[in-house]
Amino acid sequence: MTETIALARAHLDGRPQDFTRVPLDLSNVSPFAAKVYLALRQVPAGSTVSYGELAREVGSPGAARAVGRAMATNPVPILVPCQRVLAAAGKPGGFSAYGGVLTKERMLALEGWRPRDPQGTLF
């Protein structure tokens, strides 16, 4: 536990960490949410995935809204990096943590992510 806290502090201090080896107890979430969380943990810091892409990744194309619900009820943020899930066309989508989308964008910036304009160029 102490090691995980140290990893989280380093991550939030702007030094992205890999949390994939931190064990999770997902026994209290639905099987679908567990599949989504495990798939999302494979998205590296600085990268993003859309709700639809994540739904397809877990074998449920068309379940983008269900992925959104799983993100909104994520019991282990940071360890399951829900900030890395964006809406279509790279829009931020929602974020249920304190500060909403602003917090999501700040967390992504800490990881080295840069937003793109609709033409695909960096802002």
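- The number of heavy atoms from other shown groups lying within 6.0 Å of CD (E105) is above 12.
- Between the side chain of T48 and the backbone N or O of L86 there is no donor-acceptor pair closer than 3.5 Å.
- Salt-bridge check for E111 with R84: passed, with a basic side-chain N closer than 4.0 Å to an acidic carboxylate O.
- In plain terms, the two heavy atoms of V80 and N74 that are nearest each other are O-ND2, 2.7 Å.
- Linking ILVMFWY residues whenever their side-chain heavy atoms come closer than 4.5 Å, directly or via other members, leaves F19 and L108 in distinct clusters.
- Note: the hydrophobic cluster containing Y37 also contains F32 (ILVMFWY, side chain heavy atoms under 4.5 Å, direct or indirect links).
- Not one N or O on the side chain of R41 forms a donor-acceptor pair closer than 3.5 Å with the backbone of P81.
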Inset, instruction - Go through the steps to decide whether T4 and L79 satisfy the test side chain to side chain contact (heavy atoms under 4.5 Å, CB included), and finish with yes or no. - result: CA-CA 9 Å; T4 302; L79 302 180; 3.9 Å; yes
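- For S60 (side chain) and A63 (main-chain N/O), no donor-acceptor pair under 3.5 Å exists by modelled atom type.
- At least one side-chain heavy atom of L26 sits less than 4.5 Å from a side-chain heavy atom of L38.
- At distances below 3.5 Å, at least one donor-acceptor pair connects side-chain atoms of Q17 with backbone N or O atoms of R15.
- Here the shortest heavy-atom pairing between A39 and L54 reads CB-CD1, 3.9 Å.
- Of the possible polar contacts, none joining the K104 side chain to the F95 backbone as a donor-acceptor pair under 3.5 Å is found.
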Inset, instruction - Evaluate the side chain to side chain contact (heavy atoms under 4.5 Å, CB included) criterion for residues M71 and L40: first the C-alpha distance (whole Å), next the side-chain angles of each, then the deciding distance (0.1 Å), finally the verdict. - result: CA-CA 10 Å; M71 295 303 102; L40 179 55; 3.6 Å; yes
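- Judged by distance alone, with hydrogens and angles left aside, the side-chain atoms of E53 form a donor-acceptor pair with the main-chain N or O of S50 at under 3.5 Å.
- S47 contributes no side-chain N or O that, together with a main-chain N or O of V43, makes up a donor-acceptor pair within less than 3.5 Å.
- Taking all atoms of both residues into account, the shortest heavy-atom contact from P16 to A45 is CB-CB, 3.7 Å.
- In terms of heavy-atom proximity, V29 sits nearest to P75 at CG1-CG, 4.0 Å.
- A donor-acceptor contact shorter than 3.5 Å is absent between the side chain of Y51 and the backbone of A66.
- When every heavy atom of A72 is checked against every heavy atom of S96, the shortest pair comes out as O-OG, 3.4 Å.
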Inset, instruction - Start with the C-alpha gap between L12 and I78, add the side-chain angles, then the distance that decides, and say whether side chain to side chain contact (heavy atoms under 4.5 Å, CB included) holds. - result: CA-CA 9 Å; L12 294 172; I78 306 289; 3.8 Å; yes
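- Residues Q42 and T20 share a closest heavy-atom pair of NE2-CG2, 4.1 Å.
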